[in-house]
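Below: the structure, in structure tokens.
Chain identifiers are assigned alphabetically (A, B, ...) following the order of the sequence lines, protein sequences preceding nucleic acid strands; residue numbering begins at 1 within each chain. These numbers come from a predicted model, not from an experiment.
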Amino acid sequence: MAKPIEWAATRLRATRELTPDVRLFEIEPDRAFVTATPGSHIDVVVPIDGRPQLRSYSLIGPCPDGLYRIAVKRLASSRGGSIGMWRLKAGERLTISAPSNSFELSYGRPEYLLLAGGIGITPIYTMALALKQAGANFRLLYAARSRGDLALADELARHIGERLQLFVGEEGQRIDIAGEIAQLDRRGELYVCGPFGMLEATRRLWYDAGRPVAHLRYETFSNAGNFADASFKIRIPRLGLEVDVPANRSMLEALEDAGVDMIFGCRRGECGLCVLPILEASAPVDHRDVFFSSEEQATNGKLCTCVSRAASGCITVDTPDRMPTQRHSPTSLSCRA
Amino acid sequence: MNASKPFPLNAWYAAAWCHEIGRELSARTICGKNVVLYRLTDGVIAALEDACWHRLLPLSLGHLKGDDVMCGYHGLVFNSAGRCTYMPAQKTINPSACVRVYPVAERHRLVWLWPGDPALADPAKIPNFHWNDGTQWLGEGGTFYQLKCDYRLVIDNLMDLTHETYVHAGSIGDEAITAAPFDVTHTGDTATMTRWMIDIEPPPFWARQLGRPGRVDRWQIVTFQAPSVVVGDVGVALTGTGAPQGDRSHGANGAFLAAITPETEMTCHYFWNFVRNYRRHDAQLTKELQLAHVNGGAGVYDQDHRVLEAQQAAIDKNPRSPFYDLNIDAGALWARRLIDRMLADEQARVIANVAAE
């Protein structure tokens, strides 16, 4: 029962490279600028392969000049959002949603630990500035592959000084997540945004440390998984269907494209509404959701079709469709064996 | 956006008396925000958005589970930081699931709540309401919850006490009030109306408080603290004993206290007290003073209540733009000016995207 999205017409005012792979976009709304709390994101309508698709990007704030700022990393293996965004030129029209927040920062905690990996710095940057303004006790640990990949690091150092610690992977520097968790005040909160591996490791170590689940904060959109995005095939024996999933489409999107009636909620692996039972899989299933526990994921009984996928090959699933007659139009079928 | 709202959000507002918040869920609406308040096991008060993340049922219809609140519909549990800690029928918790938390603080026997940007909630900005502490000054007080008028009408009422002559005739009202000159001053966040009535017959209420015969000097020094607190330093002293010069030892000194909290744009909660610094151990007097103010319709504040609601009803029916002003309204107009400045600043902040809804 999410609120309907409010769309806004905007213009891409300017872009600027933060690193060789990360581009900052300054977006100017035609009408009123809507303020956003730290952790907020906007959905951007991005043309991908000629059709408009939605991608979520964290806002980089504060924005005293009334421009929305987002940063997009160019990823060859992504589902197409980054390439579509990188093609945009200053002056082009863009449709975006009003900001919304599923990664809300809470105030008044005795201590905060912020963890950022790579492009995951975008929401964390805004949180760090807000915590600094609130006079909170916090530290930000920010890791990237190379020194040149540390987008926004200079700005951060200027704003938060020694509360920032940088970790460069290729120089052998690693965040000791377990050690950091052990040091954190028992009532403290940890906010993490980064690659899937970082999020998974942080979640596991947090639970292992017996910390309250509610004090680990993260959001899940645009998660990559344990395997690179590749194309694979879905078989649905009940419907006599085979559906190809291109590397840049989700399972859910591919099923919808094929006319399979699907129910869904968040479309980012949180709510568990688009779950289907797995009957068989010829390749590893790349679970990228946070709905199932890791034990549940390990059984490979079901998957969240909005984010999870097969690493390759073919996955056989069931659907809840119990319609007596086949509704799917044959033209939408893709039954190559 | 807050453009059209008549109240700033970045301010502390009285939400409850401390004694009203315990180990059960209490619902309030403050500046249009539905809030559920409760006390944690360690005594600290928590204030959450009163709507479950899942299907928006008011959490106040659920129940306390230790320091957490369980929704009375599907059993989702939220901790005092607003984070969901339990979801039914799944082994994990959706990381998006949370409800808003409002900064709260207990001070001066009241619970103060900050409905705006939590990053700006500085307890040092809680209004000076120390007269209500129950230490130096004594009085029981109470609340008109859901008074059916714009909170600013209550401020107007308290910043101009000529109304006492007509609304409260026979107790504190007196023709001398309308005859005496008054002075209005202001700072960046306060406005003060001062009126001295020299060498007058005390009105019946004050004659009783003084307990001595004789003519008096009467004072009303009413200070508004933006956006919605009013403290009135009031009393009488035998005339010629130096009260205007600062010696009140031959008098009786009280203070009326008002923390007026917008509930909606058209309703408010009026936290009131009348305190005194004389005969402080006289419990009978405390009771009498309480009844003098609120007494099933017969008290002084009951009279205000009736006028304020009737005034709002008339405003609703006569959308004349909006009032005509008299010179007696100077205190009220300064108070409204300070509120308007807060609103403008807040709007500028919104545009500047430093604050956030």
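When heavy atoms are compared at a cutoff of 4.5 Å, Leu105(A) approaches chain B solely by way of its backbone atoms N, CA, C and O. When heavy atoms are compared at a cutoff of 4.5 Å, Phe103(A) does not approach chain B at all. Using a 4.5 Å cut-off between heavy atoms, Glu295(A) does not touch chain B at all.
Salt bridge absent: Glu155(A) and Arg158(A) never bring a charged side-chain N and a carboxylate O closer than 4.0 Å. Taking a cutoff of 4.0 Å between a charged side-chain nitrogen and a carboxylate oxygen, Glu104(A) and Arg217(A) do not qualify as a salt bridge.
If you look at Phe33(A) and Tyr68(A), their ring centroids are closer than 6.0 Å. Residues Tyr145(B) and His269(B) bring their aromatic ring centres within 6.0 Å.
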